[in-house]
Amino acid sequence: MDIEKEVLRTVEKYKLFEKRERVGVAVSGGKDSVVLLYILKKLGFDVVALMLDLEIGEWTKVHVSNVSKFCLELGIELKVFDFREYFDDEFGEVLARIAKDKGISRCSVCGVAKKWGLNYFAKKIGLDVLATGHNADDESQNVLMNFLKGNVEIGSGFGPVSGSRSDLGFVKRVKPFFFVPESEILKYSRKMKFDILYDKCPNAVGTYRIELREWMEGNVSDEEKVGIVEGFMDKISELEFERKDVGFCERCGEVCRGEVCGFCELVSNI
Ligand code: AMP
Ligand code: ZN
């Protein structure tokens, strides 16, 4: 698969962004987001890299250092954020404490924090659109995971564009790798010899998603993954979803359904 072409096709077909727009790329230091940043720059888009320093020990330090070098070499502006305005401790420590107190996995806590942080910091620097490295493997997992859990609500936000209600304070989030299998991104990254870390996050254990991903690796082919994503896209285009009532979190001001958002709820009383 020519993933550069596929990215361009998705960007154009789903109107993710245009050449005149400044596009934030959420970069973790992993292959997906690094390859995405590289390809968008190569295609001539005006990109700025946005990275959350999650302070998960040496693992994060290596990622931040790799991304800094990568951006310097390519002449891409990099903005690194951390959670120090909220917590005195390293975020990795805070994560561990929350997970222990609330009886949930660190990976789940981190997922909520990343989603919150990316929207919050992207808005803070005035970005209207933020691209992430989510790929067809992630998205087919979403479909199956929600199906298995009996949750059909995923439908309303499923697609290469989500959270585009800027009237509500959502930065438009886009996924140019929506139809690209992870194996193709890995192949590209290896071929380009990008100097990055391929190890999994040390906290990536103990979630339903991780178990499902491992099962899918041996049982679902790339074609089937893309088929799941495309099939679901077709299906939901025929459906109508109710627009949910949303408000603003009384603590941080971010959009949320109840009075307090998921992130503020998690970090309360710690
Ligand atoms: P993950 O949730 O780790 O599967 O990552 C999914 C996507 O979220 C990545 O492809 C990145 O675009 C973004 N992302 C994950 N971690 C970070 C981070 N520390 N800083 C910025 N973006 C991130
Ligand atoms: Zn909040």
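Indexing begins at 1, ligand by ligand and atom by atom, following the structure's order. Atom set for the values below is all heavy atoms of this structure, side chains included, hydrogens, waters and symmetry mates excluded.
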For [atom], what's the nearest protein heavy-atom neighbour? Residue, atom name and distance, please.
{"atom": "atom 21 (C) of ligand 1", "value": "Val27 O, 3.2 Å"}
{"atom": "atom 9 (C) of ligand 1", "value": "Gly133 N, 3.9 Å"}
{"atom": "atom 15 (C) of ligand 1", "value": "Ser28 CB, 3.6 Å"}
{"atom": "atom 12 (O) of ligand 1", "value": "Ala26 O, 2.6 Å"}
{"atom": "atom 20 (N) of ligand 1", "value": "Leu52 N, 2.9 Å"}
{"atom": "atom 1 (P) of ligand 1", "value": "Lys114 NZ, 3.7 Å"}
{"atom": "atom 6 (C) of ligand 1", "value": "His134 NE2, 3.3 Å"}

Closer than 4.0 Å: a protein non-hydrogen atom to atom 4 (O) of ligand 1: no
If you count the atoms of ligand 1 from 1 in the order shown, which ones are under 4.0 Å from a heavy atom of [X]?
{"X": "Met51", "value": "20 (N), 21 (C)"}
{"X": "Thr132", "value": "12 (O)"}
{"X": "Leu118", "value": "21 (C), 22 (N)"}
{"X": "Leu54", "value": "19 (N)"}

Hey, does the Lys NZ or Arg CZ of [X] hover above the aromatic six-ring of [Y], less than 6.0 Å from the centre and inside 45° of the axis?
{"X": "Arg190", "Y": "Tyr198", "answer": "yes"}
{"X": "Lys124", "Y": "Phe121", "answer": "no"}
{"X": "Arg97", "Y": "Phe87", "answer": "no"}

Under 4.5 Å between any side-chain heavy atoms of Phe45 and Leu8, yes or no? yes
Rounded to the nearest 10°, what angle sits at the Zn ion (ligand 2) between SG of Cys261 and SG of Cys249? 120°
Would a line drawn from the ring center of Phe179 to the ring center of Tyr14 be shorter than 6.0 Å? yes
Check whether any side-chain N or O of Glu184 sits under 3.5 Å from a backbone N or O of Pro181 as a donor-acceptor pair, and report yes or no. no
With a 3.5 Å distance limit and no angle check, can you tell me whether Asn66 reaches the backbone of His63 through a side-chain donor-acceptor pair? no
Which atom names give the shortest non-hydrogen contact between Val180 and Ile3, and what distance separates them? CG1-CG2, 3.6 Å
Rounded distance [0.5 Å steps], CG in Leu95 versus CG in Leu266: 9.5 Å
Under 4.0 Å, heavy-atom basis, I'd like to know which part of Leu50 is in contact with ligand 1: side chain, backbone, both or neither. backbone
Salt bridge or not between Glu77 and Arg22? Use side-chain N to carboxylate O under 4.0 Å. yes
Flag Cys252 as yes if one of its N/O/S atoms falls below 2.8 Å of the Zn ion (ligand 2), otherwise no. yes
